[in-house]
Amino acid sequence: MTALNLETVDLQRSGGVAWVTMNRPEALNAWTRQLGRDMIAALDEAAADPELRAIVITGAGRAFSSGADLKAGQELSGGGSGPDVLTPLREVYNPLLLRVRTIPKPVIAAVNGPAVGIGCSLALAADLVVAARSAYFLLAFVNIGLGLDGGASQSLVARVGHTRAFEMAYLGQRIGAEQAESWNLINEVVEDDALAERVGELAASLAAGPPGSYATIKRTINDRAYAGFEALLDLEAVQQQERAQSKDFVEGVLAFMQKRRPEFQGE
């Protein structure tokens, strides 16, 4: 396979398993367009290599991913009244999430720390999720006046149903790894220092299994649990752009930066 020149992602191969690591530890693996493009390139490489039969996604350092990088420069929308979130969602982030769901190989999220915002959406889009005991899951969108994105509207309901989906999305609170396991949001919790070993064992077991069976199982479960996923990603993106023009979003981001409670006015 062609050597990849990745700036923000590390791709390693080990015994039939691709380890795809978001590698911006100084920013808690916050998402930028570059990280999204690097993730797509790494996943495409893993998908195309017949020797790689399982994929692990994880984060470098102490976080899985803190979500979108709010400190990175944001381009203005066409109207100029707020940030353009529609373009990166449509051109980079949504294609990335769609790949995770449609690659005909098992995809495991090894959640080594906080999984926040679209980083949480990424973890929930995986086929299997194993988390370190100190990890937590947070759909923080509502805390800055946004809706859901990254397919969380569908992956949440597919995993935990209407009741817990609305609870997690509306309240915007941390869900610890043990609580997430009890909700069936994730598959397994292990001690922090055992995460890599446990996920390695699981991935190796899948890599030794029948790839055609896994591809068929993923396709049929997707047909039932993730029908219309691509259209849902676009709906989220369009509505997220509307929210990004709101005064509540501006207030939410300012409050986040100033480490205070936001005062939403419903505008």
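What you see is a predicted model, and the numbers here were worked out from it, not measured in a lab.
In this structure, the side chains of R90 and V238 come closer than 4.5 Å at one or more pairs of heavy atoms. Contact check for L171 versus L139: no side-chain heavy atoms found under the 4.5 Å cut-off. L52 places none of its side-chain heavy atoms less than 4.5 Å from the side chain of V17. Considering only heavy atoms from C-beta on, R219 stays 4.5 Å or farther from N222 through its side chain. Annotation: side chain of L156 is in contact with side chain of L185 (closest heavy-atom distance under 4.5 Å). Looking only at side-chain heavy atoms (C-beta outward), D84 and L86 come within less than 4.5 Å of each other. In this structure the side chain of L128 reaches within 4.5 angstrom of the side chain of L202, judged on heavy atoms. Side-chain atoms of M39 and L122, non-hydrogen and from C-beta on, do get closer than 4.5 Å to each other.
Taking CG from L98 and OH from Y226, the interatomic distance works out to 12.0 Å, rounded to the nearest 0.5 Å. The CZ atom of R164 sits 15.5 Å away from atom CZ of R159, with the distance rounded to the nearest 0.5 Å. Once rounded to the nearest 0.5 Å, the distance linking CD of E201 with CZ of R198 reads 6.0 Å. Note that CG of L96 and CG of D44 are 9.5 Å apart. Values are rounded to the nearest 0.5 Å. In this structure, I221 CD1 and D127 CG are separated by 8.0 Å, a value rounded to the nearest 0.5 Å. Atom CD of Q154 sits about 12.0 Å away from atom CG of L148, to the nearest 0.5 Å.
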Kindly list each side-chain donor-acceptor pair under 3.5 angstrom involving residues 252-261, sequence neighbours excluded, with atom names and distances?
{"unit_1": "Q258", "atom_1": "OE1", "unit_2": "R260", "atom_2": "NE", "d": "2.6"}
{"unit_1": "Q258", "atom_1": "OE1", "unit_2": "R260", "atom_2": "NH2", "d": "3.4"}
{"unit_1": "R260", "atom_1": "NH1", "unit_2": "E251", "atom_2": "OE2", "d": "2.6"}
{"unit_1": "R260", "atom_1": "NH2", "unit_2": "E251", "atom_2": "OE1", "d": "3.2"}
{"unit_1": "R260", "atom_1": "NH2", "unit_2": "E251", "atom_2": "OE2", "d": "3.4"}

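Between the side chain of R174 and the backbone N or O of L138, no donor-acceptor pair lies under 3.5 Å. The backbone N or O of A132 lies less than 3.5 Å from no partner atom in the side chain of D192, so there is not a single donor-acceptor pair. The backbone N or O of A207 lies less than 3.5 Å from a partner atom in the side chain of R53, making a donor-acceptor pair. Proximity of a side-chain donor or acceptor of K218 to a complementary backbone N or O of I103 within less than 3.5 Å is detected. No donor-acceptor distance shorter than 3.5 angstrom exists from the side chain of D10 to the backbone of N23, with no hydrogens or angles considered. E267 places no side-chain N or O within 3.5 Å of a backbone atom of K247 that could act as its donor or acceptor partner. Under the 3.5 Å distance criterion, the side-chain polar atoms of N184 are left unmatched by any main-chain donor or acceptor of V160.
Hydrophobic clustering (side-chain heavy atoms under 4.5 Å, transitive across Ile, Leu, Val, Met, Phe, Trp, Tyr) groups M22 together with V92. If you chain together hydrophobic residues whose side chains sit under 4.5 Å apart, W183 and Y136 never meet in one group. Under a hydrophobic clustering in which Ile, Leu, Val, Met, Phe, Trp and Tyr are joined whenever their side-chain heavy atoms come within less than 4.5 Å, directly or via other members, L11 and V100 fall into the same cluster. No chain of hydrophobic side-chain contacts below 4.5 Å, direct or via other Ile, Leu, Val, Met, Phe, Trp or Tyr residues, connects I118 to L235. L70 and F141 end up in the same hydrophobic cluster when Ile, Leu, Val, Met, Phe, Trp and Tyr side chains are linked at under 4.5 Å.
The two residues F64 and A110 come nearest to each other via the heavy atoms CD1-O, 3.6 Å. Closest approach of A115 and G119 over heavy atoms only: CB-O, 4.2 Å. Of all heavy-atom pairs between N94 and A237, the closest is ND2-CB, 3.9 Å. The two residues L97 and S121 come nearest to each other via the heavy atoms CD1-O, 3.9 Å. Between A54 and L206, the closest heavy-atom pair is CB-CB, 4.3 Å. Summarising the geometry of G266 relative to D248, their closest heavy-atom pair is N-OD2, 3.0 Å, with the distance given to 0.1 Å.
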- Message: With side-chain contact (heavy atoms from CB on, under 4.5 Å) as the criterion, how do M168 and I175 come out once you've worked through the C-alpha distance, each side chain's angles and the decisive distance to 0.1 Å?
- Response: CA-CA 8 Å; M168 192 170 177; I175 306 300; 4.0 Å; yes
- Could you check Y93 against D149 for side-chain contact (heavy atoms from CB on, under 4.5 Å), going step by step and ending with a plain yes or no? CA-CA 9 Å; Y93 301 158; D149 63 29; over 6 Å; no
- Item | Working for side-chain contact (heavy atoms from CB on, under 4.5 Å), residues E181 and N187 | CA-CA 6 Å; E181 185 183 33; N187 298 91; over 6 Å; no
- Task: Show your working on side-chain hydrogen bond (donor to acceptor under 3.5 Å, both in side chains) between D69 and T32 and close with a plain yes or no.
- Result: CA-CA 6 Å; D69 192 340; T32 62; over 6 Å; no
- Message: As a quick check of understanding, evaluate side-chain hydrogen bond (donor to acceptor under 3.5 Å, both in side chains) for W31 and S65, giving each step before the final call.
- Response: CA-CA 8 Å; W31 283 33; S65 172; 3.2 Å; yes
- Message: Does I55 form a side-chain contact (heavy atoms from CB on, under 4.5 Å) with L43? I'd like the steps, not just the answer.
- Response: CA-CA 8 Å; I55 300 169; L43 289 174; 4.0 Å; yes
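Atom CD of E26 sits in a crowded spot, with more than 12 heavy atoms from other residues, nucleotides or ligands closer than 6.0 Å. Remark: R62 CZ is loosely packed, at most 12 non-hydrogen atoms of other residues, nucleotides or ligands lying under 6.0 Å away. Other residues, nucleotides and ligands contribute only 12 or fewer heavy atoms inside 6.0 Å of the CD atom of E197.
The cationic group of R101 does not satisfy the cation-pi geometry with F229, failing either the under 6.0 Å distance to the six-membered ring centre or the 45° limit from the ring axis.
A side chain to side chain contact (heavy atoms under 4.5 Å, CB included) with V111 is found for exactly one of I186, V189, V129, namely V129.
Using modelled atom types and a 3.5 Å distance limit, the side chains of D38 and T8 yield a donor-acceptor pair.
Residues satisfying the ring pair (Phe, Tyr, Trp, His ring centres under 6.0 Å) test with F166, not counting sequence neighbours, are H162, Y170.
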